[in-house]
Amino acid sequence: MPDAQPAPAKALSAPQKALHKLGLRRDIDLALHLPLRYEDETRVVRLSDARDGQTVQVEGTVTHQEITMRPRRQLLVTLDDGSDTCTLRFFSFYPSHQKALAVGARVRVRGEVRGGFMGRTMVHPAFHAAGGELPDALTPVYPTSAQLPQAYLRKVVASGLARADLSETLPPELLDGLKAVVHGTWTLRDALRYLHHPGPDVSLDALEDRSHPAWQRLKAEELLAQQLSQLTAKRERDALRAPALRTAPGGLHEQLLAVLPFALTGAQRRVGEEIARDLARSVPMHRLLQGDVGSGKTVVAALAAAIAIDSGWQCALMAPTEILAEQHFAKLIGWLEPLLAPLGKRVAWLTGGQKKKQRSEMLALIASGEAALVVGTHAVIQDQVVFQNLALAIIDEQHRFGVAQRLALRSKTTEGDDGQSREPHMLMMTATPIPRTLAMSYYADLDVSTIDELPPGRTPIVTKVVSDQRRHEVIERIRAQVAQGRQVYWVCPLIEESEALDLSNATATHAELSTSLQGVLVGLLHSRMPVAEKKAVMSLFTSGHMGVLVSTTVIEVGVDVPNASLMVIEHAERFGLSQLHQLRGRVGRGAAASACVLLYTPPEGGRLGETARERLKAMAETNDGFEIARRDLEIRGPGEFLGARQSGATMLRFADLATDGHLLDWARGAAAEMLAQHPAAAEKHIARWLGSKAEYLKA
Ligand code: ADP
Ligand code: MG
């Protein structure tokens, strides 16, 4: 199968299907499918030289064979290689085993030697008839699936490797640059051949920790492909047209600034200007606004919306759930709606659970352009929603939205006077700051604005990690807070009693707190409640009538009640680090001293696992979202961190951002140069590494 050809139309065999499932379609995919580890079959050792626990290959004569029933049915074979003997033990076996391992047979056997006091043994060793040439390279062991036998995979990988086009894509000047960061001058072809079939004298450590120059070359290539595809996506976007948006003196932007009950922080002003500059250009903005929980992203979004509306265009605001959309944008709407009314403009809502009649009213408002601001959930991007002229799409908590959804937003274009279509500008907001290495790699195609300053007058949140055994003390503390007129969140991880997990749940905790806190209104909020009920509970809490709100993680993002000063997170050990940080960010929004209590329950008779302890420790040690994000990346790796941003397809397979920063730096410079000077080679490089997956990066 040549490289560029699509999958053949004829039916696939089972192993072929399994190959496709692993993403192994083209020769180059097979060539890039690298071993997990290696087995050394290049030498035969003497049994007397084998250490306990070592995996070795030995060759000898079978001197005894029997089937015993105790302690359970098994085949026992004694092998003698002249230096010592070893018992081979098979708990499952067939007549073919007995035949091949008959007394007198000479066999080559490979397995882990255990030196018990009954003599050496190997359990379920691999074996075949003795003799035959020893391989001169280590035997690769590939990542595979149940339907794909290792031996078959080895064969197809070897032939894929032999057939694949591995010609050099890097122009000489970039290769020179690479030599300055990578030791040795490995070509891709040599590197791959070597990594599939390394010689017997290789340092397995260097292969395993991927510091070997062959690995370095491969990782550099992979990072280059990633950078190239992101740069390409960015250039393609730069070729598109968008409406140039400008606010007029005395316009909505200015009016909004005048009605705000506070002055912007320096950071808010700076990012606001960055966004305004982008919006004024006729190229679609693709900007990520990152700022810690509570840093005041909403007002920045509102100012951007004001610019779009001032220019006579529409703005859409999206949040991942209805309750978040409502909670999160309530302030923004409160500010803008009164300013829109004199202009004859309105705010339209679109959510999944809406009544049909209301929905068609909203759709009409949006189509006519009367709705200058459209707020909602995923419902905003559905096909039936036709905008009169959408200029700006703002996505909150962007990591919760998938690639397809962002692409759908992009497709809501408007035809300009010149007959060309106008793409909406896109502003994505996140409270999970992206560590620098990730920003440089996975998000290289995005412009990033950062709010690195909290509004003034906030007191830092004190975080305490407390064992569930001291739960009653925590409840006393709640009582004291409520007595001072403050409000409290209590977050639980599960909705219903699950015997298997034995988690105390929101319902039980709600009952418990209601009983122990007589005279305090304790509310309950969980994701299975009807929306109307959720709203009723939220409004009681927002208005200050409810002292304690017990909830599942529905309040994770977006809720803003400055009077809340205590956050209790039950079974904190079960939450991820950034989730904990987001939850904690719900308090400390007013001037009162705030606290977060992380209640943990160690497993019966044991202690918390290592990662859980690391997470809780990080939470207690820092309030800084960037530091939290950095530690989160360390603990979890980039895969989970990125969430929906990347499909598995575009994840880095080989490079590790924690250790390969020098390669990333090289790749960044090299990608720009290659795209400018050698576009054909760049295209070939992207196709080789990413194939059809490159599409994903365009969102
Ligand atoms: P987030 O970045 O988490 O979305 P919000 O936009 O919800 O943060 O802002 C958190 C709180 O801070 C809100 O109550 C908001 O009105 C308030 N706020 C925002 N900017 C300022 C400011 N410059 N000065 C004082 N309060 C502010
Ligand atoms: Mg927010």
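Indexing begins at 1, ligand by ligand and atom by atom, following the structure's order. Note: hydrogens, waters and symmetry copies are ignored here, and every other heavy atom, side chains too, is used.
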| said: Could you check whether any heavy atom of D292 sits closer than 4.0 Å to an atom of ligand 1, since that is the contact criterion I want to use? | reply: yes
| Under 4.0 angstrom from ligand 1, any heavy atom of P261? | no
| L549/L525 under side-chain contact (heavy atoms from CB on, under 4.5 Å): CA gap, chis, key distance, verdict | CA-CA 7 Å; L549 179 61; L525 192 66; 4.0 Å; yes
| message | Judged on heavy-atom distance to atom 25 (C) of ligand 1, which of P455, S295, A302 sits nearest? | response | P455
Suppose I only count heavy atoms of [X] and a 4.0 Å limit; which atoms of ligand 1 are within that range?
X: K331; result: 13 (C), 14 (O), 16 (O)
X: V293; result: 3 (O)
X: L264; result: 23 (N)
X: T265; result: 23 (N)
X: G296; result: 1 (P), 2 (O), 5 (P), 6 (O), 8 (O), 9 (O), 19 (C)
X: T298; result: 4 (O), 5 (P), 6 (O), 7 (O)

| request: For the pair L616 and L608, evaluate side-chain contact (heavy atoms from CB on, under 4.5 Å) and give the outcome as yes or no after the intermediate values. | output: CA-CA 10 Å; L616 298 182; L608 287 181; 3.7 Å; yes
| Can you find an N or O of A263 that's nearer than 3.5 Å to an N or O of ligand 1? | yes
